[in-house]
Amino acid sequence: MSRYNARTVEPKWQQAWDKAEAFLAKRDPSKPKYYVLEMFPYPSGRIHIGHVRNYTMGDVIARYKSSCGFSVLHPMGWDAFGMPAENAAMASGGHPKDWTYSNIDAMRGQMKPLGLSIDWTREFATCDPEYYGQQQALFLDMLEAGLVYRKNAMVNWDPVDMTVLANEQVIDGKGWRSDAPVERRELTQWFFNISSMADELLEAIDGLDNWPAKVKLMQTNWIGKSRGIEIPFHPTDGGEPILCYSTRPDTMRGASFIAISPEHPVSRALAQGNAELTDFIDECRKMDTTEAAMEKAEKKGIDTGITVKHPIYEGIELPVWVGNFVLMDYGTGAVFGCPAHDQRDLDFARKYGLGVQNAFYMPGEEVEVENEALVPAKTEMVVYIDHFAGLSEATSQDGIDATIDYFEEHDLGKGQVKFRLRDWGLSRQRYWGCPIPVVHCDDCGVVPEKKENLPIALPYDNGNEAIDFSVPGNPLDRHPTWRDVPCPACGKPAKRETDTMDTFVDSSWYYARFTAPRAETPTEKADAEYWMNVDQYIGGIEHAILHLLYSRFFARAMNVTGHLPKSASEPFDALFTQGMVTHAIYQTRDTNGRPVYHLPEDVDEANATLRATGEKVEVIPSAKMSKSKKNVVDPVDIIDQYGADTARWFVLSDSPPERDVEWTASGAEAAWKFLGRVWRLAADLGDGDDTDEALERECAKAIHDVTMGIETFGFNKSVARLYEFANAISKSKAGPGAKRKAVKILAQLMSPMTPHLSEEIWQHLGGEGLIAQAPWPEADESLLKEDIITLPIQINGKRRSEVQVPADLPKEEVEKIALADQAVIKALDGGSPKKLIVVPGRIINVVI
RNA sequence: GCGGGCGUGGUGGAAUGGUAGACACACCAGACUUAAAAUCUGUUGGGCGAAUGCCCGUGGGGGUUCGAGUCCCCCCGCCCGCACCA
């Protein structure tokens, strides 16, 4: 009996697949197509166990669908632009381009041994000029279609480094390198007009039947459609009214102040000559631009001294405050505060001594709000207090609608549908990204680059000398020649735009590019029509909102600009979000009490001590893997030690794919042992023409269950079933012929997960051709049915007994049998049951 | 702060509202072996009991139901996202 040696077997089969061009995606009109895509990786330089999990899941689907007769497209590429490349160049010299491409080479080298069924001929990186040149063409088409425009927007500004910072580069409100408090600064930037499609993007969520409900809910909330009202509040001293937006106008009775954003035009105007207000606005400016930071910050305000008239109650005046919690981007940048029915407003009111007055009570509980705002669900009944439209008891939703109607009738305000979704700012003041293909001309203004000049490629160096990336700021801004170009319209000397595109743009259409990766246009019609949509998209839940929403927007924009068919407006038919791979963190403390992290291989996990010194380590279980915490497990080590099939089998085992999984070395070992068992099961099998009905039943059930598991992304359940099936085969007393048949089915059912081992077994047992190209086994339906089933009997909901009955026995007969059961007779003690519930094929419950 | 999710034995987890703990890890016991590794077999949620069994048990509290890990409400803990990280 030969020992299974993954090290020699795996490369052998990978070569065989290559030679057979088994994974080459071919446009074959005679076959149904299937496009499976995993979110492409950022080329950090090393593959992560999370990548292995992600790509293995996709590979299971791809191989399974291929066996089911589909023409499969399963491509791979690299999301290659972004900050880490520039950071690396800044920290240790070198060039972002060299760093990125060498990382890609390294990662491809680590991925190939996994034996993924990828069509590598379609590979591209988003930093290839052939890719981003087409992206520039798309941008120009979108510009022409009115989907791109320019406006001012805030960025994080590092006043010491004199550079724009990404949110990630702002730590506790300070620049990551300079440690200087960041400021907000206004810049003119490019925007995609995603809000013009807000309603459409929202409506279409309904049709995404094969997306996780949580993702659809998150997208719905993110787009945030709300019906509200714009109400002008007129200053007591005359002058321009302040327009407030509210989604809860029914609480108008409780309004006690107006709050406007520090960036509101009124705030800015008032700040002129008001030192206190200027200081306050400056202070608000010294906060990073994230919404989370704003929301978490202490709510502060300053009274402007202005008062406005209450639109309903004559004689009531409301003070106007500038509040640091009011967002200029949402609504009108001004709100009315109703402390009784909004906790934030209440905290603000208590802090500054503003009025608190209920607009409604809960029915039967006429209590004034003290320190906890009364915020019932909009569907709950409340009792309005002398409501101007005559409402008394009503739901808040009815109250809102009635109030809007009343305001419109009396010309006091205008109902407005608003979206939370903001336009997508795509300008980045950085080098390593796709250049925005426009030119700024003193005479012609902003002029789109001519398409024949594309790609507008990034300059590799400054002519004769290398770019110094250690200087803060965008090297394109200080390049000696790259900026200087003739105006595409008038030919006069002009300046090229030096901002590059957000890397989210790169990943918003790559799925379409894979259908024709070498085309001279962004897509090729026939290929796009054949391959789109992506039938199954797989990636991390962290992309639930931005990446997926941007991709949905881009697919629509590409339809508008003629690059994708209308049918591809929703590019991902089915979405699966997989969980993260986690690992315990091992840490000790230095003399200052700061944590020092240790690599898993340096730790004796059983005793929680350092191998080198025996020092005790603290174990923080189940943390997201990150390099800084040193809790990363390198899949390359696992593959070297046990082979790709073991790594693949393990990442699919145990944890449900959508949940986070904790990596443990013992788990990998167990997977390896099992694969060895399966090989031994096959290795010394005889042959014969004997049959065995019990084993045939096991085969049919295994085919059915494993197939169901794959179809529903229950890979862990498929794996568990395969354990059971393998156990059943080894325990079976069947003859060699029946066993040989069963093991071949086992190999086939395992082949999407452990393709190399399966090929080896297939060949060993005389299977025809490659298992990768063999048709998926079908279960014999007649063998799936059980004739006799066991029904548990519950008495008052607790299991007390069970009975064996024919599967098709009528309900009345089952009832009779149940009542004749010893445990039931004993429990009834001569009486009769209150209720007898028979759920056919499931359970019997006797209620006494 | 806001939006979304998750929480089940020593561990990873299974369970269309219907027998909680499948399958696996680990542990323990046994077989094989001079011995070990490997392999194979068996036991294993907690408690009570000689035993057929009985009681408790899915983060905590409440509710709906004949029946709740699953549905609803409140609380706690952890994770993801919050628009310039990818």
Side-chain angles (χ1 to χ4, degrees), chain A residues 39 41-42 44 79 81-84 153 155-156 164-170 189 194 212-215 217-222 224 288-297 299 325 329 343-344 420-430 502-504 506-507 540-547 549-550 577 579-580 582 606 621-624 653-656 658-662 664 666-667 669-671 673-674 676-677 680 714 716-717 719-724 727 730 790-802 833-837 839 841-848:
Chain A
M39 290 179 187
Y42 179 78
S44 59
D79 189 12
F81 275 134
M83 285 199 309
V155 293
N156 299 310
V164 176
L165 297 178
N167 284 340
E168 198 190 46
Q169 297 170 316
V170 179
Q189 303 189 69
I194 187 170
K214 62 182 169 188
V215 175
L217 192 54
M218 281 192 261
Q219 293 231 339
T220 301
N221 291 339
W222 185 263
D288 61 66
T289 57
T290 65
E291 199 180 312
M294 288 191 78
E295 293 278 328
K296 272 188 223 159
K299 306 299 174 278
F325 55 90
D329 290 327
Q343 191 61 45
R344 188 180 62 191
R420 207 186 75 96
L421 179 67
R422 308 202 294 258
D423 278 337
W424 169 11
L426 67 115
S427 299
R428 298 291 180 270
Q429 295 71 40
R430 274 189 274 281
D502 178 7
T503 56
F504 269 121
D506 312 334
S507 56
I541 185 68
E542 67 272 22
H543 296 293
I545 296 175
L546 291 179
H547 163 63
L549 189 63
Y550 291 159
T577 52
M580 293 178 306
T582 61
S622 256
K624 181 179 181 173
S653 303
D654 293 349
S655 274
E658 68 276 14
R659 218 191 284 184
D660 294 349
V661 61
E662 167 102 11
T664 59
S666 57
E669 171 114 11
K673 282 184 189 174
F674 175 70
R677 257 182 70 204
R680 285 193 301 278
N716 55 325
K717 285 176 254 173
V719 165
R721 268 311 267 119
L722 286 162
Y723 271 105
E724 284 184 276
N727 290 343
S730 31
T790 303
L791 283 184
I793 298 179
Q794 293 183 332
I795 293 168
N796 289 338
K798 295 197 180 220
R799 186 183 173 282
R800 284 292 180 266
S801 183
E802 60 180 40
K834 273 192 205 148
K835 215 168 180 181
L836 184 58
I837 293 149
V839 185
R842 276 280 170 201
I843 204 161
I844 300 158
N845 192 11
V846 186
V847 185
I848 294 169

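In what follows, chains carry the letters A, B, and so on, assigned in the order in which the sequence lines appear, proteins first and then strands, with residues in each chain numbered from 1.
B:U70 and B:G5: their P atoms are spaced 16 Å apart (whole Å). For the P atom pair drawn from B:G10 and B:U58, the interatomic distance equals 13 Å after rounding to whole Å. Between B:G47 and B:C66, the distance separating the two C1' atoms is 28 Å to the nearest Å. Here, B:U39 and B:G49 have their C1' atoms 39 Å apart, quoted to the whole Å. Nucleotides B:G81 and B:C28, compared at atom P, are 41 Å apart to the nearest Å. Distance noted for atom P between B:G7 and B:A15: 12 Å (whole Å). Spacing between B:G13 and B:U64 at atom P, rounded to whole Å, works out to 33 Å. Taking atom C1' in both B:A20 and B:G57, the straight-line distance is 9 Å, to the nearest Å.
The phosphate of B:C40 (OP1 or OP2) has a side-chain N or O of A:Arg677 nearer than 4.0 angstrom. Between A:Asn221 and B:G4, a side-chain N or O to OP1/OP2 separation shorter than 4.0 Å is present. Phosphate proximity of B:G13 to A:Ser655: present, with a side-chain N or O under 4.0 Å from OP1 or OP2. The shortest distance between the side-chain N/O atoms of A:Asn716 and the OP1/OP2 oxygens of B:A14 is below 4.0 Å. Remark: A:Asn727 is in phosphate contact with B:A24, judged by side-chain N or O atoms under 4.0 Å from OP1 or OP2. Note on A:Arg659: a side-chain N or O is less than 4.0 Å away from OP1 or OP2 of B:G7. In terms of phosphate contacts, A:Arg800 brings a side-chain nitrogen or oxygen within less than 4.0 Å of OP1 or OP2 of B:C55. The phosphate of B:C66 has OP1 or OP2 within less than 4.0 Å of a side-chain N or O from A:Lys835.
Using a 4.5 Å cut-off on side-chain heavy atoms (C-beta onward), A:Tyr42 and A:Thr503 make no contact. With a 4.5 Å cut-off on side-chain heavy atoms, A:Ser730 and A:Arg677 count as touching.
B:G9: glycosidic angle within 90° of 0, hence syn.
Looking only at distances, a side-chain donor or acceptor of A:Asp423 sits under 3.5 Å from a matching main-chain atom of A:Ile194. Remark: the backbone N or O of A:Leu426 is not paired with any side-chain donor or acceptor of A:Gln189 at under 3.5 angstrom. No donor-acceptor distance shorter than 3.5 angstrom exists from the side chain of A:Arg428 to the backbone of A:Asp502, with no hydrogens or angles considered. Side chain of A:Asn796 to backbone of A:Ile848: a donor-acceptor contact under 3.5 angstrom is found.
One interatomic measurement links the two molecules: CE of A:Met39 to P of B:C85, which rounds to 17 Å at whole-angstrom precision. A:Leu549 places its CG atom 13 Å from the C1' atom of B:G81, with the value rounded to the nearest Å. Atom P of nucleotide B:C82 and atom CG of A:Asp329 are separated by 16 Å, given to the nearest angstrom. Rounding to whole angstrom units, CG of residue A:Asn167 and C1' of B:C82 are separated by 10 Å. As a whole-Å value, the separation of A:Phe325 CZ from B:C82 P is 24 Å. Between the NZ atom of A:Lys717 and the P atom of B:A15 there is a distance of 4 Å, rounded to whole Å. As rounded to whole Å, 13 Å separates atom P of B:A15 from atom CZ of A:Arg721. Atom CD of A:Glu669 and atom C1' of B:A38 are 11 Å apart (whole Å).
Side-chain to base pairing of A:Arg842 with B:U19: no donor and acceptor N or O lie closer than 3.5 Å to each other. Under 3.5 Å, the side chain of A:Glu542 and the base of B:C85 form no donor-acceptor pair of N or O atoms. Residue side chain A:Arg430 reaches the base of B:C84 through a donor-acceptor N/O pair under 3.5 Å, judged by distance alone.
Within the 4.0 angstrom heavy-atom criterion, base atoms lie near A:Gln429. If you check every strand for non-hydrogen atoms under 4.0 Å, A:Ala292 touches a base. Contact annotation for A:Val155: base contact, defined as any heavy-atom pair under 4.0 Å involving a base atom. Within the 4.0 angstrom heavy-atom criterion, base atoms lie near A:His543. Backbone-only engagement by A:Glu724 is indicated by non-hydrogen atom pairs under 4.0 Å involving sugar-phosphate atoms exclusively. When heavy atoms are screened at a 4.0 angstrom cut-off, A:Ser427 is found touching base atoms of the nucleic acid. A:Phe674 comes within contact range of no nucleotide atom at all, as no heavy-atom separation falls under 4.0 Å. Residue A:Gly579 is classed as having no contact, given no heavy-atom separation below 4.0 Å to the nucleic acid. No engagement by A:Glu658 is indicated, since no non-hydrogen atom pair under 4.0 Å with the nucleic acid exists. Heavy atoms of A:Ser653 sit nowhere under 4.0 angstrom from any nucleic acid atom. Among the heavy atoms of the strands lying under 4.0 Å from A:Asn845 is at least one base atom, whether or not backbone atoms are also near. Within 4.0 Å of A:Pro41, counting heavy atoms only, lies no atom of the nucleic acid at all.
Closest-nucleotide positions on RNA chain B for A:Lys673 and A:Lys798 were compared, and the one nearer the 5' end corresponds to A:Lys673. Mapping A:Met83 and A:Pro792 onto RNA chain B by nearest heavy atom places A:Pro792 at the nucleotide closer to the 5' end.
Distances from the side chain of A:Lys214 to the nucleotides B:A86, B:C66, B:G5 place B:G5 closest. For A:Gln794, the listed nucleotide lying nearest its side chain is B:U19; candidates were B:A83, B:G13, B:U19. Considering only side-chain atoms of A:Leu546, the nucleotide from B:C82, B:C80, B:U19 that sits closest is B:C82. With distances taken from any side-chain atom of A:Leu217 to the nucleotides B:G5, B:C66, B:A86, the minimum falls on B:G5. Among the nucleotides B:A83, B:C23, B:C84, the one closest to the side chain of A:Trp424 is B:C84.
Under 4.0 Å is where a charged nitrogen must lie from a carboxylate oxygen, and between A:Glu658 and A:Lys214 no such pair does.
Between A:Phe504 and A:His547, the ring planes are parallel. Angles under 30° get that label, and only those over 60° would be called perpendicular.
Pairing for B:C82 is with B:G1, a Watson-Crick or G-U wobble pair whose two hydrogen-bonding atom distances lie under 3.5 Å.
Side-chain contact check for A:Asn167 and A:Asn156: at least one donor-acceptor pair (N or O, by modelled atom type) lies under 3.5 Å.
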Take A:Asp79 and A:Asp506, measure what side chain to side chain contact (heavy atoms under 4.5 Å, CB included) needs, and give me the verdict at the end. CA-CA 7 Å; A:Asp79 189 12; A:Asp506 312 334; 4.2 Å; yes
